[in-house]
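Beneath this line is the structure, given in structure tokens, with notes to follow.
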Amino acid sequence: VASTEITKLEVAGLQVQVVRKDIKNLHLGVYPPVGRIRVAAPRRVDDEAVRLAVVGKLGWIRRQQERFVNQERQTRREMVDGESHYNQGQRYRLAVVEKEAAPAVRIANKSRIEIQVRPGTSRNRREEILNEWYRTNLRDQIKPLVEAWADKLEVGLPEWQIRRMKTRWGSCNTDRRRILFNLELAKKPHTCVEYLVVHELIHLLERQHTPRFTELMDTHYPTWRSAKSLLNAQPLAYEDWTY
Ligand SMILES: [Zn+2]
């Protein structure tokens, strides 16, 4: 069994990892979070050929790397003053106010999410308090959307819940007529929430992602593609989200 051979190459000031293995074509990739460059190449392809391939794609590589930087991939939030937090697609600074009173969250000055907690409140408890606020906001967004779209699509009103989910934005159990929405959606623009609502409700008409499903999306929500790419273009949470 032939093993893979990994080497490093510097091209135009960029570090490139080269992996040679038994493949037919050369593949160039740029990977998050920092835009690492990796070339998978057939064994017969020499360094010079790899170098040429990278040089030919320099513009594209730089654009990918910029995209990752701008995406500001979010690390675990520490729930402290000054941290960035998102709500409905907008970025806010977190302000923590310690006070002997019931916890509360509000938007102050259109620029801060102000979270009022009792002195000594732990990081995890602060996060719970903020998540409850997100949940309420998201519920207020989803409720009228589900009602309006269920009516428009004539699917009847399904049961729905907001959950914390690791890998999906939403899901629809067509047999039980139950839809789950990811709490993380509270951080996304309203259009993305609407897209998800329509997507999941259309599953009540078409269970799988078939051509008919796409046709139904095109008919009822023709802008779904841009809403979907907006959802994917937003800063990623510290988990990887796929949809
Ligand atoms: Zn789906």
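Each ligand, and each atom within it, is numbered from 1 in the order the structure gives.
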| With distance as the sole criterion, is a donor-acceptor pair present between the side chains of E206 and T210 under 3.5 Å? | yes

| Shortest-distance N, O or S atom of H199 relative to the Zn ion (ligand 1) | NE2

| request: For the atoms NE2 of H209 and NE2 of H203, give the angle they form at the Zn ion (ligand 1), rounded to 10 degrees. | output: 100°

| Judged by modelled atom types alone, do R93 and S84 share a side-chain donor-acceptor pair under 3.5 Å? | yes

| Is a side-chain donor-acceptor pair under 3.5 Å present for W149 with E194? | yes

| Is the distance between the Zn ion (ligand 1) and the nearest N/O/S atom of C172 smaller than 2.8 Å? | no

| query | Do you see a donor-acceptor pair shorter than 3.5 Å between the side chains of W133 and N87? | reply | no

